[in-house]
Every structure is written in C-alpha cells, then in structure tokens.
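Since the structure comes first, as structure tokens, the remarks are kept for the end.
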Amino acid sequence: MIGIFDSGIGGLTVVRAVRALFPAADIIYFGDTARTPYGTKSPETVRRFAVENTELLLERGARLVIIACNTASSVAAETLAERFPVPVLDVISPAVEMAAALPKLRAIGVIGTRGTIGSGVYEEKLKAASPKTRVYSQPCPLLVPLVEEGWLNQPETRRIVKKYLQPLKMKGIDALILGCTHYPVLKDLIADKAGKRVRVIDSSVAAARNLAAQAAERPEIGPLLEGKGSLEILVSDVTGQFARLAQMILKERVELTHVQV
Ligand code: DGL
C-alpha cells in the first residue's frame, strides 16, 4: 500500500495524479485537517507533524510514503528518509527535475507557501539542476485558505492570483512551478494569469512521474503499484468542506475516516 499525506486537501491532487498513472495501486491518504495549514508554521513543528503522519501511515500498512506537501517536503524529506525503513518520496525534487528538462528555460518562477519559499529549497535545487536559469520565488499565503474554502473562481481569488503573479511576470519568467499541492486546483486560473508563454509545472504530476521512475529502479516498489485500486482517506478532523472538495478533486464519492494524531 502507498501512503500519501498532506496538511489537508492539497495532497489529493497527488493522489489523483498517482491514480491516473497507476489505477491499481492501493492508496492510504492522510489529510491533517486538524493542524492545517503547515505553510505558516515553523520548520520544527512541520517536521514533527511529518514524522507523526508517516508513523500513522506505516502503522496502517503503507510500505512507501509520498510527502504530498511541498512545505513538509522542504523541511522534513531528509529526516523521514533517514528515519523510516521504507522509500520516502517528496514532491520538490521531481518538480525541479521536470522544470530543468524544459527547453530554453531562462527564468523560472516558484510559488508556494511561506514555509516552502522561506526554506530556499527550490532555489537551491534549481540552481544545482539548471545553473544558468534565473529563479524568482513568491510566497502566496492566501491561496491555501482560498482553496480550503472552495473559493476557486471568485473575483477576489482571481485578483489575488493576479497580484501574486505580477512581480514574477515583471521578471519575464518563461516557466512557473506550482510549489504547493493545493495550487493544481487553481491551475487554469494561475495559467491564465501567468500568460500564454509561461509553461506551468505541476508538482503533483511531477511526483506521480517520479513514482514511475523510482519503480523502474527499485524492485520493492513494483508490487505496490499492482493492487486492487483501493483508496482509504483518513483525516484528523472531519469537515463537510473537505468531503465536498475531495469529491471535486477525485471525481468520485469519498468516505472519510477520522483518526487522532
Ligand atoms: N499543500 C501543502 C504544500 O504543498 C501545504 C499547504 C499548507 O498547509 O499550508 O505546501
């Protein structure tokens, strides 16, 4: 079974991308809705939550864990990989690889939570993977609450997205990384405001492709992709809003199981 976690609803975009590639994979998802958002919290706190979330998924049978959260990936990927005896995949390295493979990449923008952008991990990895590319980062702290509220196409949301992207557009970016797994829900709007010439990299799609790449290299992963296609969704707080958005993202009815962390 594959374990996937995020602070809330955003990681379901990774579940969607993984299921598109591996429909038979059995997945257990944990959305830490009682403690969301992670993007405004300190690295120490997010690291502690990430360790607890991984323990929970392993106790329930996960044999591989995807950190479907850029914020947790930016501060906890190494800790989790060192501490747990299963493969732990993050969402940042795959997005960076996907970006670095783009032809004619001169200037790239990265949007994410304050935690992700403040960690500097995207800049560091992009500089290493594509040294000539200029990197511009922009924290977008209002986007996670807007997505969690389901404000996906309100005029206020459109204005806020436009305002966040303005400084990046001024720098003439030719690609943009959605460095938060909540943002694919706003992908069309973000792509529209970024402009036609800007290629948009979705870290949830990158994470799913990375799973395929890892499976080709690590024989223990293959059998995890060939199950019954089951999906169990755990949350630390049950809300109607989560259920509604989960159904919108996954396009199927979902049942939520409440767990304590
Ligand atoms: N979806 C998460 C991310 O990719 C976290 C959002 C949050 O909890 O602030 O960063």
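What you see is a predicted model, and the numbers here were worked out from it, not measured in a lab. The basis for the numbers below is simple: all heavy atoms, side chains too, and nothing from hydrogens, waters or symmetry mates.
With sequence neighbours left out, the salt bridge (charged side-chain N to carboxylate O under 4.0 Å, His left out) criterion links Arg48 to Glu52. Legend: residues meeting side-chain hydrogen bond (donor to acceptor under 3.5 Å, both in side chains) with Gln214, ordered by chain and number and at least two apart, are Asn210. The side-chain hydrogen bond (donor to acceptor under 3.5 Å, both in side chains) test applied to Arg134 returns Tyr136, not counting sequence neighbours. Checked against side-chain hydrogen bond (donor to acceptor under 3.5 Å, both in side chains), Thr45 has the following partners two or more places apart in sequence or in another chain: Ser42. In this structure, Glu220 has no side-chain hydrogen bond (donor to acceptor under 3.5 Å, both in side chains) partners at least two apart in sequence or on a different chain.
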Tell me which donor-acceptor pairs under 3.5 Å the side chains of residues 93-117 have, and how far apart each pair is, sequence neighbours excluded?
residue, atom, partner, partner atom, Å
Ser93, OG, Lys125, NZ, 3.3
Thr113, OG1, Thr71, OG1, 2.9
Thr113, OG1, Gly115, N, 3.4
Thr113, OG1, Thr116, N, 3.1
Thr113, OG1, Thr116, OG1, 3.2
Thr116, OG1, Thr71, N, 3.2
Thr116, OG1, Thr71, OG1, 3.3

Tabulate below the donor-acceptor pairs under 3.5 Å that side-chain atoms of residues 185-197 make, not counting sequence neighbours, or state none.
residue, atom, partner, partner atom, Å
Lys187, NZ, Asp202, OD2, 3.1
Arg197, NH1, Ile173, O, 3.2

Check residues 14-22 and write down every donor-acceptor pair under 3.5 Å in which the side-chain atom is one partner and the other belongs to a residue at least two apart or another chain.
residue, atom, partner, partner atom, Å
Arg19, NH1, Glu252, OE1, 2.9
Arg19, NH2, Gly229, O, 3.1

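No side-chain heavy atom of Leu12 sits under 4.5 Å from any side-chain heavy atom of Val254. Annotation: side chain of Val198 is not in contact with side chain of Leu168 (no heavy-atom distance under 4.5 Å). Side-chain atoms of Phe30 and Val65, non-hydrogen and from C-beta on, never get closer than 4.5 Å to each other. No side-chain heavy atom of Val91 sits less than 4.5 Å from a side-chain heavy atom of Ile67.
The 12-atom threshold is exceeded at CD of Glu55, counting heavy atoms of other residues, nucleotides or ligands nearer than 6.0 Å.
Judged as a side-chain hydrogen bond (donor to acceptor under 3.5 Å, both in side chains), the pairs with a partner in residues 170-183 (not counting sequence neighbours) are, in order, Glu148-His182. Residue pairs meeting the salt bridge (Lys or Arg N to Asp or Glu O under 4.0 Å) criterion with at least one partner in residues 151-165, sequence neighbours excluded, are absent. For residues 39-74, the ring pair (Phe, Tyr, Trp, His ring centres under 6.0 Å) pairs, not counting sequence neighbours, are Tyr38-Phe49.
Using modelled atom types, no side-chain atom of Lys228 and backbone atom of Ala25 make a donor-acceptor pair closer than 3.5 Å. Between the side chain of Thr33 and the backbone N or O of Asp237 there is at least one donor-acceptor pair closer than 3.5 Å. With Ser236 contributing its side chain and Val259 its backbone, the two residues share no donor-acceptor pair below 3.5 Å.
When every heavy atom of Asp90 is checked against every heavy atom of Ser73, the shortest pair comes out as CB-OG, 3.5 Å.
Applying the under-4.5 Å side-chain rule to Ile, Leu, Val, Met, Phe, Trp and Tyr, the cluster around Met170 consists of that residue alone.
Cluster annotation: Ile233 is connected to Ile9 through the hydrophobic network of ILVMFWY side chains, with a link wherever side-chain heavy atoms come within less than 4.5 Å. Val86 and Phe5 fall within the same hydrophobic cluster, where Ile, Leu, Val, Met, Phe, Trp and Tyr residues are linked whenever their side-chain heavy atoms come under 4.5 Å apart, directly or through other members.
The SG atom of Cys140 sits 10.5 Å away from the CD1 atom of Ile160 when rounded to the nearest 0.5 Å. Taking CE of Met248 as the reference point, atom CG of Leu152 lies at 5.0 Å (rounded to 0.5 Å).
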